[in-house]
Structures are given as structure tokens and as C-alpha cells.
Amino acid sequence: MQLSATALRVMMSTLWGDDPSQDLIEFRKRLDEIVITFAAPNVSDFFPILAPFDLQGIESKGKEQVSWFYGVFESMIKNRRNIRDDGKEKENISKDFMQQLLELHWRGDEKNSLSINEVKALLLDMMLAGTDTIPTAVEWAMTELLRHRDKMTKLVKELDMVVGNQNTVEDSHIPQLVYLDAVIKETLRLHPVAPLLIPHVPSETTVIGGFTVPKGCRVFINAWVIQRDPELWDDPLRFHPERFLETDINYRSNNFGFFPFGSGRRICVGVSLAEKMMALLLGSLVHSFEWGLSEGTKPSLEDKFGIVLKKTEPLVGIPVARLPNLEQYQ
Ligand code: HEM
């Protein structure tokens, strides 16, 4: 819950700065609802001839949900327009993501311009892609660490050495936290948050490995299976972060055995932000608390299928503060 709220707050402030008037709980609820609608199997996708009838009401529900977000974005855009038109305040305008998009819209040159609808769609796209993925990945990492105490101990040791017990985990520590990075990579190998990536649609008919992929068809790429393929990975089902210490595989290395963020031109645009946020969140959880489980329990690895691969049962861990000063928790 706290992880989700933090990820949402970071995404919102990256996209449009801090706005205390916004109701985080309402935003979270609306995001959950829209993801469920987008992921629902729609008979119109399989029989496009039925699409005009919207038999399950999915299209109309989706439109209603999108229009709530667009309404919120419109009022924020209106404020920005007022500030822009008031010459005196110009220098106070923040340069967040929304502002960058609006400047592309206002500049209005033919090649790079965005319509206001495109601005709103991009903002919603980023909210949808960025908020659920990170807390889900961190929850999977904590689950694996609680199942493998030796790996947890190794990570705590690294954090104590690099961060020390007088500090909290910060951006500047991340490059030295190599085991933390390996834990996150191994987590995303076994539990890719987007197991089928996002559907791709080829613009030309192509032949790959002797198979014809027709133009316009919908292609799902099963990263979950590939990243557990015994021909590519030794002992593929074992949680073994050390395998990433011995290679230079990274998220952008075009390695077709490991691509939790996709690959090529459509690779996730949020890789850098996600890498940092996952390291800060997981690093802080493990560095600041000692984690236990209730007597006799072991966290389950059962997952439930969806656009985002979540745990069937949320993880329940028991934290005990391990840093010496209370102020470090404020
Ligand atoms: C653990 C975190 C994340 C994971 C595992 C993840 C994974 C992915 C994957 C697999 C894709 C599809 C790539 C493809 O089909 O080839 C994708 C697309 C995308 N992601 Fe992420 N993502 C994460 C976080 C984020 C964040 C934080 C943002 C926003 C800042 C973001 C924004 C996007 C967008 C906008 C797309 C669509 C790109 C396009 O095709 O135009 N993602 N992501």
C-alpha cells in the first residue's frame, strides 16, 4: 500500500509537479479500474464485426473512465495556460513532463507539434505504464528475498557497507549497489512484470526464423517463458542473483533471453526512472528494516495473470526498525 502510494506520488510529481489538491486515493482507485477495463477480454477484438454493438459495454466504460482523467488533465492544462499568458509569472513555470508536452503543443511547428488530445493521451499512458509496475516488481523482489534468507543477508551486508547505518539509501549510492542491482534483475527475469510485453502490430509482412508474420496481426511475445528457458539459463527456476554479477547483461543490451522492458525501438520509455525507483524502494526497505514472517509461513510464488503479473496473495512481511536514529524514519 505504502509502496503503491510512493510510486504514484513520484509519477505524479515527475509528470506535473507537486499538487497538494490531488486526491491520491481517488487517483489510485481510478487507475485500478481503468487497468481492469483495458485488460478485460473483449469479444469485439476477436470478431471485429461485432465491435459497433459493444456487447459487453467495455468500450463505453473505457471511454467514461478515460474522460475522468482527461477532465483532470484539462483543468491542469488550463492553469498552465493562464500562467503562460500572464507574462510576469513566466519564469516560475516548472519544466516537468506536462510542461514539455505543452510547449511542443504551443510551439505548433508542423513536424514536432502535438495536439492537446495527444498531450492528454501521453499523460494517461505514462500514468498507466508507470504506477503499477514498480511496486509490483518490488513486492516480487521482497518475496524472493524472504524465501532466500542467504540472499537477503548478502544484500543487507552490501547496504551496510555502502550506505552505512547513519544514512538512508540515496541516488548517489546506487552505482555501488551491484548486488541490489543483480537482485532486481533476477526478480524481473523470473517475474517479468509485463509477461507478454505490450502487443506489437507489424506494419509490414515479415518472415522471422521461417515463420511469416502478416502485416497488421497482433503479436504477443512471451518474455516469461523465454526468461525461464533451460537452453538459455542454467537452473532457470532458481532465484540466483549472482548469475547477473558474472555477466554484463543489462536492460538495453539486446539480449533476447532477458528483456523485461522489451527491446528495440518500442522498449519501455521508463527504464531509467524504473531502475532508480526500484533500487531506492527495495534498497530502503531492506536497509531500514529487518524483515520477518509470521510463524510457520513462507511467502507464496503464485501469480495471477494480467497485463501486469501480480502475486495472487499480497506479501505480508513484519518489519522491525534496524537503524539507530528515529529521525532516519521521518
Ligand atoms: C518495473 C518497471 C517497469 C517495467 C518492467 C516496464 C516494462 C515495460 C514493457 C515490457 C513495455 C513494452 C515494451 C515492448 O512491448 O517492447 C513497456 C512499455 C512502456 N512503458 Fe514501461 N515498464 C516499467 C516502468 C515504466 C515507467 C516507470 C514508465 C513511465 C515513466 C513506463 C512507461 C512506459 C511506456 C510509455 C511504454 C509504452 C512505450 C511504447 O511502446 O510507446 N514504464 N514497459
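Worth knowing before you read on, the calculation uses all heavy atoms, side chains too, and leaves out hydrogens, waters and symmetry mates. Keep in mind that what you see is a predicted model, and the values were worked out from it rather than measured.
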Practice problem: Verify the neighbour count for atom CD of Glu290: are there more than 12 heavy atoms of other residues, nucleotides or ligands below 6.0 Å? | Solution: no

Self-check item: Between Ser44 and Asn42: side-chain donor-acceptor atoms closer than 3.5 Å
Solution: yes

Quiz item: Taking only residues at least two apart or on different chains, which pairs with a member in residues 321-330 satisfy salt bridge (charged side-chain N to carboxylate O under 4.0 Å, His left out)?
Solution: Asp160-Arg322

Self-check item: Neighbour count >12 (heavy atoms, 6.0 Å) for atom CG, Asp150
Solution: yes

Quiz prompt | N/O donor-acceptor pair under 3.5 Å between His105 side chain and Asn117 backbone | solution = no

Practice problem: Return the set of residues passing ring pair (Phe, Tyr, Trp, His ring centres under 6.0 Å) with His191 (not counting sequence neighbours), or none when no residue passes. | Solution: Trp140

Exercise. With the side chain counted from C-beta on, respond yes when Phe27 and Asp23 share a heavy-atom pair under 4.5 Å apart, and no when they do not.
Key: no

Practice problem: Without swapping roles, check the side chain of Gln328 against the backbone of Leu323 for a donor-acceptor pair under 3.5 Å. | Solution: no

Quiz item: To the nearest 0.5 Å, how far apart are OG1 in Thr136 and CG in Leu188?
Solution: 10.5 Å

Practice problem: For Leu180 and Val286, run side chain to side chain contact (heavy atoms under 4.5 Å, CB included): C-alpha distance rounded to whole Å, both residues' side-chain angles, the deciding distance at 0.1 Å, then the answer. | Solution: CA-CA 10 Å; Leu180 174 65; Val286 175; over 6 Å; no

Exercise. Report the hydrophobic cluster partners of Met161, with the cluster defined as I, L, V, M, F, W, Y residues connected by side-chain heavy atoms closer than 4.5 angstrom, directly or transitively.
Key: none

Quiz item: Rest of the hydrophobic cluster containing Leu55 (Ile/Leu/Val/Met/Phe/Trp/Tyr, side-chain heavy atoms under 4.5 Å)?
Solution: Val43, Phe46, Phe47, Ile49, Leu50, Phe53

Practice problem: Rounded to the nearest 0.5 Å, what's the gap from CD on Glu139 to OG1 on Thr187? Could you check? | Solution: 12.0 Å

Exercise. Please collect all ring-ring contact (aromatic ring centres under 6.0 Å, His included) contacts where either partner lies in residues 310-330, sequence neighbours excluded, each pair once.
Key: Phe289-Tyr329

Can you give each donor-acceptor pair under 3.5 Å made by side-chain atoms of residues 259-284, sequence neighbours left out, with the distance rounded to 0.1 Å?
{"residue": "Ser263", "atom": "OG", "partner": "Asn254", "partner atom": "OD1", "Å": "3.2"}
{"residue": "Ser272", "atom": "OG", "partner": "Arg252", "partner atom": "NH2", "Å": "2.9"}
{"residue": "Ser284", "atom": "OG", "partner": "Leu280", "partner atom": "O", "Å": "2.5"}

Exercise. Please write out which residues are connected to Phe256 in a hydrophobic cluster, directly or through intermediates, given that two of Ile, Leu, Val, Met, Phe, Trp, Tyr count as joined at side-chain heavy-atom separations below 4.5 angstrom.
Key: none

Quiz item: Any side-chain heavy atom of Leu102 within less than 4.5 Å of one from Ile77?
Solution: yes

Quiz item: Do Met12 and Arg9 come close enough that some side-chain heavy atom pair is under 4.5 Å?
Solution: no

Quiz item: Near Glu231 CD, under 6.0 Å, is it more than 12 heavy atoms from other residues, nucleotides or ligands?
Solution: no

Quiz prompt | Non-hydrogen side-chain atoms of Leu309 and Val193 separated by less than 4.5 Å | solution = no

Self-check item: Single hit among Lys298, Met152, Lys151 for side-chain contact (heavy atoms from CB on, under 4.5 Å) with Leu146
Solution: Met152

Practice problem: Would you indicate whether the side-chain heavy atoms of Val183 and Phe239 approach each other to under 4.5 Å? | Solution: yes

Practice problem: Look at the side chain of Glu158 and the backbone N and O of Val178, then say whether any donor-acceptor pair between them is shorter than 3.5 Å. | Solution: yes

Quiz item: Roughly how far, to the nearest 0.5 Å, is the CG atom of Leu123 from the CE atom of Met11?
Solution: 9.5 Å

Quiz item: Which residue pairs pass the salt bridge (charged side-chain N to carboxylate O under 4.0 Å, His left out) test when at least one of the two sits in residues 50-74, sequence neighbours left out?
Solution: Glu59-Lys63, Glu74-Lys120

Practice problem: State, with a plain yes or no, whether a side-chain heavy atom of Lys304 is found less than 4.5 Å away from one of Thr312. | Solution: yes

Quiz prompt | Expected output: side-chain Ser288 to main-chain Leu285 donor-acceptor under 3.5 Å | solution = no

Quiz prompt | Side-chain hydrophobic cluster, 4.5 Å single linkage: members besides Val316 | solution = none

Quiz item: Heavy-atom distance under 4.5 Å between the side chains of Val219 and Ile221, does that happen here?
Solution: yes

Exercise. May I ask you to test the Trp68-Ile34 pair for a side-chain heavy-atom distance under 4.5 Å?
Key: no

Quiz item: Is there any salt bridge (charged side-chain N to carboxylate O under 4.0 Å, His left out) pair reaching into residues 172-189, and which pairs are they, with sequence neighbours excluded?
Solution: Asp181-Lys185, Glu186-Arg189, Glu186-Arg243

Exercise. Give the C-alpha distance, both sets of side-chain angles, the deciding distance and a yes or no for side chain to side chain contact (heavy atoms under 4.5 Å, CB included) between Ile134 and Val10.
Key: CA-CA 11 Å; Ile134 290 169; Val10 171; over 6 Å; no

Quiz item: Going by the side-chain hydrogen bond (donor to acceptor under 3.5 Å, both in side chains) test, which pairs reach into residues 216-229, not counting sequence neighbours?
Solution: none

What side-chain donor-acceptor pairs closer than 3.5 Å can you find for residues 194-206, not counting sequence neighbours?
{"residue": "His200", "atom": "NE2", "partner": "Ile198", "partner atom": "O", "Å": "3.4"}
{"residue": "Thr205", "atom": "OG1", "partner": "Lys215", "partner atom": "N", "Å": "3.0"}
{"residue": "Thr206", "atom": "OG1", "partner": "Glu204", "partner atom": "O", "Å": "2.9"}

Practice problem: Begin from the C-alpha positions of Leu155 and His287 and carry the test side chain to side chain contact (heavy atoms under 4.5 Å, CB included) through to its verdict. | Solution: CA-CA 9 Å; Leu155 179 56; His287 177 251; over 6 Å; no

